[in-house]
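Here's the structure we're looking at; comments come further down.
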Amino acid sequence: MAISQNTQIKTLIKLGLIKESQIETWNNKIARAEAKLQRDEALNSCISQIKSVLEDEAHSTIQYFSVKPAAHSKGFLEFFEADRGLVLKALSKLVKDGYMKKIGLKMNDEGELQVMEPNQVNAFQIRYMRA
């Protein structure tokens with residue numbers, strides 16, 4: 001018997017050329033690849049939505065952004081619906097790419113907003129701005 005592209009997997013198992021466990025491994029690998037593709041597509045979609053908000057003329061006066069609405073910043077979740085974690089990943093990628101800047105925003109003793117390095121503030125004071 002010759003093996004061709006039309007040889008069925010069951011035949012290959014009977015011949016001892018592959019094992020059933022290998023098929024399960026291959027199917028799991030395919031499922032992981034498909035899940036990664038879906039995650040990447042969702043991330044790219046979220047990045048596009050964030051860029052759309054930033055480039056919209058109506059939002060040009062907004063200086064500081066956050067994931068959710070917060071003091072002194074507009075939340076991206078006000079403009080589109082997405083998972084909070086996905087928006088955070090998108091913002092991290094945009095910061096890494098130099099499209100946005102991650103900052104710390106804190107009120108000083110005089111009641112003025114003070115821009116600080118992100119490592120100088122707590123997680124609730126993290127904001128993002130156009131780079």
Give, for atom CD1 of Ile47 and atom CD of Gln49, the distance between the pair rounded to the nearest 0.5 Å.
11.0 Å

Nearest-0.5 Å distance, CE of residue Met100 to CD1 of residue Ile50:
7.0 Å

List the atom pairs, donor and acceptor, that lie under 3.5 Å between side-chain atoms in residues 85-96 and the rest of the protein, sequence neighbours left out.
{"from": "Ser92", "atom 1": "OG", "to": "Leu88", "atom 2": "O", "distance (Å)": "3.0"}
{"from": "Lys93", "atom 1": "NZ", "to": "Asp97", "atom 2": "OD2", "distance (Å)": "3.3"}

Inter- and intrachain pairs under side-chain hydrogen bond (donor to acceptor under 3.5 Å, both in side chains), touching residues 118-131, at least two apart:
Ser73-Arg127

Give me each pair satisfying side-chain hydrogen bond (donor to acceptor under 3.5 Å, both in side chains) with a member in residues 19-43, each pair once, sequence neighbours excluded.
Lys36-Asp40

If you group Ile, Leu, Val, Met, Phe, Trp and Tyr by side-chain heavy-atom gaps below 4.5 Å, do [X] and [Y] land in one group?
X	Y	value
Phe76	Leu43	yes
Met129	Leu105	yes
Leu113	Val121	no

Quick one: name the residues clustered hydrophobically with Phe124, using the 4.5 Å side-chain heavy-atom rule over I, L, V, M, F, W, Y, and just say none if it's on its own.
none

Search all heavy atoms of Ser60 against all heavy atoms of Glu57 and return the closest pair with its distance.
OG-O, 2.9 Å

Ignoring hydrogens, what is the shortest heavy-atom contact between Met107 and Gly111? Give both atom names and the distance.
SD-O, 3.0 Å

Between Leu54 and Tyr99, is any pair of side-chain heavy atoms under 4.5 Å apart?
yes

Keeping the roles fixed (side chain from Ser48, backbone from Asn44), state whether a donor-acceptor pair exists under 3.5 Å.
yes

Applying side-chain hydrogen bond (donor to acceptor under 3.5 Å, both in side chains), can you list everything that pairs with Gln8, at least two apart in sequence or on another chain?
none

Once side chain to side chain contact (heavy atoms under 4.5 Å, CB included) is applied, do any residues pair with Ile62, and if so which ones, sequence neighbours excluded?
His59, Phe65, Lys74, Phe79

